[in-house]
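All figures in this text were calculated on a predicted structure; none of them were measured in a lab.
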Amino acid sequence: MRKLALSDEILMSVEKPARYVGNEINMVKKNPDEVDVRFCMCFPDVYEIGMSHLGIQILYDMFNQWEDTYCERVYSPWPDMDAIMREKKIPLFALETQEPVRRFDFLGITLQYEMCYTNILQILDLSGIPFYASERTWEDPIVVCGGPCTYNPEPIADFFDIVYIGEGETSYRMVLDIYKDSRKKGEDRLTFLRRVAKVDGIYVPLLYDVTYHEDGTISSMKPNCEGIPERVKKQVVKDLADTYYPAKPLVPYIRATQDRVVLEIQRGCIRGCRFCQAGMIYRPIRPRDLEFLKARAIEMLENTGYEEITLSSLSSSDYEELPELVYFLIEECRQRKLNIALPSLRIDAFSLDVMSKVQDVRKSSLTFAPEAGSQRMRNVINKGLTEEVILEGAWKAFQGGWNRVKLYFMLGLPGETDEDIAAIAELANKIAATYFELPKEERHGRPEITASTSFFVPKPFTPFQWAPMGTADYFESKRKFLTGKVREQVNQRSIRYICHDAITSELEGIFARGDRRLSKAIVRAYERGCIFDAWTDYFKPEVWNEILEECGVDRNFYNYREREKDEIFPWDFIDIGVTKNFMWREYERSKKEEVTPNCRAQCSGCGAAKFGTGVCVENSK
């Protein structure tokens with residue numbers, strides 16, 4: 001294989017050379033000639049974002065523990081390097097060995113966000129790999145994707161040989177073993193794909209055909225060869241106490257977005273927020289062992305030199321041994337003079353005792369997610385928080401020494417009114433006012449309350465997957481309305497309001513619930529220069545608008561209409577455990593503003609008990 005060498009001239013002409021040279025702390029080095037399978041793991045965004053992704057860190061560690069496999073990494077080259085690589089005809093290369101990606105056995109791309117879809121094509125193009133799976137040969141790697149966007153892979157299905165549905169620790173070993181056996185036997189590429197399609201959690205788009213009704217909705221989706229399952233079952237790690245987790249995570253030489261040790265304390269969520277895809281697709285909740293977490297926290301801090309540790313979970317407060325873990329980390333951070341971040345905490349779960357114990361530890365901002373300003377809307381989305389509980393939680397946080405609070409809300413939720421939106425500004429004002437109830441000697445300057453709003457995007461496998469989405473013009477009008485309401489508040493000087501881009505959200509919505517017919521638009525957008533669509537400076541809304549019109553993409557069909565109960569969705573071939581009937585019931589309850597209890601309080605029969613693990617087991621007992 002040809003090893004590439006970037007000249008000093010090239011490296012010095014790009015913004016951040018460290019994105020492309022590798023050799024980071026804890027990088028794995030193997031002899032490529034002594035392994036059977038070479039796997040290139042890709043995050044289709046800039047290096048600093050990709051290096052912050054825990055999933056890749058876990059899979060990188062797992063693959064490299066296998067003696068027959070060498071896992072390397074690649075990220076999307078930033079536009080400055082992209083231009084140089086095209087001009088000088090430099091193929092995309094992996095960081096570990098600097099060898100071309102096209103020469104690997106597998107190229108694995110994680111899909112975390114729909115607005116990275118054109119970056120998939122950038123990766124393939126710079127690697128010299130055909131865009132469409134149907135055009136590839138054994139001269140190309142097997143291109144596989146995983147991550148939350150694979151729970152509706154159809155808009156990008158044509159680009160992938162394999163779509164991995166579920167948690168990566170479960171089926172990859174079997175996939176690699178079949179690959180090794182297939183190559184040894186001299187089988188053709190299609191034969192390998194037919195074999196691997198029988199592995200649980202593996203979807204091979206080439207082996208399924210889709211038909212449509214005259215109105216554009218799906219009529220059927222069926223396998224086009226024998227022995228392939230009609231439904232693909234999500235894969236779940238049942239016991240997180242005995243699975244892979246890196247003791248020596250990679251540490252970049254430039255600041256990454258998440259520049260800290262990340263400790264994943266559990267997977268799944270018991271809360272059932274009706275807008276939240278992660279809360280459904282990662283069910284059931286599965287905690288990690290407390291002693292494992294303590295030991296791994298110390299190992300990672302010692303092996304990285306990081307000055308901060310953060311807990312990773314959809315809802316950290318629901319980790320039942322959280323007090324013990326936090327007390328342990330507080331003491332460790334105090335001794336090491338490190339910072340501890342506590343994200344994803346529910347406001348109603350704060351303990352004044354815990355907060356008082358962290359007051360000597362260096363403070364960062366606290367992040368709360370009320371999601372809606374009014375109680376009515378919190379009931380609609382099943383958030384399960386009252387204003388009294390929110391303010392009480394904020395008070396405890398302020399008593400614990402924090403004065404910076406981030407609040408996350410959504411605009412465009414189903415059934416919202418102007419009164420619901422105005423309540424966001426009012427709630428932020430009340431939280432700021434709560435801070436001033438502290439005695440002056442206990443305050444740490446003026447409070448900093450950041451109210452951030454994103455626009456509601458209906459996602460697959462949520463009760464709101466049937467719901468209509470607002471237009472970009474609607475979103476923009478509501479943003480202006482809320483901006484005005486914030487300015488009316490008494491404590492407006494303590495409140496900062498920021499908002500996501502409306503046009504980006506509209507395109508995200510099209511891809512989130514889209515089908516295979518969208519792949520043509522993605523290719524055409526890429527050919528017209530669209531990459532890094534998730535970045536405001538590079539997003540080209542006028543180009544996308546032209547392409548959607550040229551390709552006949554009906555925004556009303558994909559975004560603005562309410563779906564019928566029995567409509568076949570592009571993602572219905574995936575079995576996540578949680579049933580479609582349960583999600584429809586939740587959609588109906590949202591219209592009645594009815595709250596569904598969390599999983600520990602009462603089992604709602606969502607279907608996830610089939611996995612035989614987590615809180616579902618507790619409820620069955």
Side-chain angles (χ1 to χ4, degrees), residues 271-280 347 368-391 406-431 449-460 462-489 495 497-510 512-513 555-556 558-563 583-596:
R271 295 292 161 179
C273 297
R274 292 171 179 139
F275 60 86
C276 182
Q277 185 188 53
M280 296 294 169
I347 296 176
F368 301 145
E371 307 296 358
S374 70
Q375 188 60 49
R376 188 186 78 84
M377 282 309 302
R378 287 193 291 274
N379 291 346
V380 167
I381 65 177
N382 205 45
K383 190 63 184 178
L385 285 175
T386 65
E387 183 173 292
E388 179 183 1
V389 168
I390 292 171
L391 295 179
K406 295 178 182 178
L407 302 168
Y408 287 111
F409 300 95
M410 280 186 287
L411 295 178
L413 287 164
E416 76 176 4
T417 65
D418 284 350
E419 289 75 15
D420 298 315
I421 296 172
I424 293 174
E426 294 163 5
L427 180 58
N429 182 65
K430 290 176 182 177
I431 290 174
I449 312 298
T450 300
S452 175
T453 59
S454 60
F455 295 112
F456 166 68
V457 177
K459 294 286 178 141
T462 68
F464 287 156
Q465 63 186 345
W466 287 273
M469 179 178 171
T471 66
D473 289 341
Y474 172 85
F475 287 154
E476 185 61 21
S477 69
K478 299 309 174 185
R479 180 193 65 79
K480 291 179 179 178
F481 174 78
L482 181 54
T483 299
K485 290 299 179 182
V486 170
R487 290 172 180 165
E488 294 175 4
Q489 303 306 311
I495 303 172
Y497 173 50
I498 56 177
C499 185
H500 193 60
D501 177 65
I503 299 177
T504 304
S505 297
E506 189 175 47
L507 189 58
E508 178 188 343
I510 291 173
R513 293 188 290 178
R555 296 169 192 252
N556 179 69
Y558 287 108
N559 272 0
Y560 310 149
R561 68 185 178 92
E562 184 176 29
R563 272 64 168 168
M583 286 182 278
W584 176 260
R585 292 200 306 269
E586 284 296 288
Y587 186 43
E588 292 288 282
R589 288 175 68 84
S590 75
K591 295 178 179 180
K592 301 174 185 176
E593 302 172 18
E594 295 178 352
V595 174
T596 299

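Taking the side chain as every heavy atom from C-beta outward, L407 and I424 never approach each other to under 4.5 Å. Side-chain contact between K383 and P370 is absent, with no heavy atoms from C-beta onward closer than 4.5 Å. By the 4.5 Å heavy-atom criterion applied to side chains, P458 and Q465 are not counted as neighbours. Contact annotation: the side chain of H500 never approaches that of V457 to less than 4.5 Å [non-hydrogen atoms, C-beta and beyond]. Contact annotation: the side chain of T453 approaches that of C499 to within less than 4.5 Å [non-hydrogen atoms, C-beta and beyond].
To the nearest 0.5 Å, the span separating SG on C273 from CG on L385 amounts to 8.5 Å. Between the OG1 atom of T462 and the CZ atom of R513 there is a distance of 8.0 Å, given to the nearest 0.5 Å. Between E371 atom CD and Y408 atom OH the span is 10.0 Å, to the nearest 0.5 Å. The CD atom of E508 lies 11.5 Å from the CD atom of E506; values are rounded to the nearest 0.5 Å. To the nearest 0.5 Å, the span separating OH on Y497 from CG on L482 amounts to 4.0 Å. Note that CZ of R378 is 12.0 Å distant from CG of L413, once rounded to the nearest 0.5 Å.
For the residue pair E388 and T386, no side-chain donor N or O sits within less than 3.5 Å of a side-chain acceptor on the partner. A donor atom on one side chain and an acceptor atom on the other are found under 3.5 Å apart for R274 and T596.
The nearest pair of heavy atoms linking A423 to G373 is CB-C, 3.5 Å. The shortest heavy-atom contact between A372 and I381 is CB-CD1, 4.2 Å. When all heavy atoms are compared, the tightest approach of P414 to M377 is O-CE, 3.6 Å. Between A512 and P460, the closest heavy-atom pair is O-CG, 3.1 Å. Nearest heavy atom pair, residue D501 against residue T504, reads OD2-OG1, 2.5 Å.
The salt bridge (charged side-chain N to carboxylate O under 4.0 Å, His left out) search around D420 returns R376, not counting sequence neighbours. With sequence neighbours left out, N429 forms a side chain to side chain contact (heavy atoms under 4.5 Å, CB included) with Q489, V490, N491, I495.
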key: From CA spacing to verdict: side chain to side chain contact (heavy atoms under 4.5 Å, CB included), E387, K430   = CA-CA 10 Å; E387 183 173 292; K430 290 176 182 177; 2.8 Å; yes

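Atom CZ of R487 has 12 or fewer neighbouring heavy atoms from other residues, nucleotides or ligands inside a 6.0 Å radius.
Remark: K485 does not engage E419 in a salt bridge, criterion side-chain N to carboxylate O under 4.0 Å. A salt bridge does not link K478 with E416: every distance from a Lys NZ or Arg NE/NH1/NH2 to an Asp or Glu carboxylate oxygen is 4.0 Å or more.
Stacking of K591 on the aromatic ring of Y587 is recorded, both the 6.0 Å distance cut-off and the 45° axial limit being met.
A ring-ring contact (aromatic ring centres under 6.0 Å, His included) with F456 is found for exactly one of F409, F464, F475, namely F464.
Side chain of N559 to main chain of M469: no donor-acceptor pair is present (N/O by atom type, distance under 3.5 Å, no hydrogens or angles).
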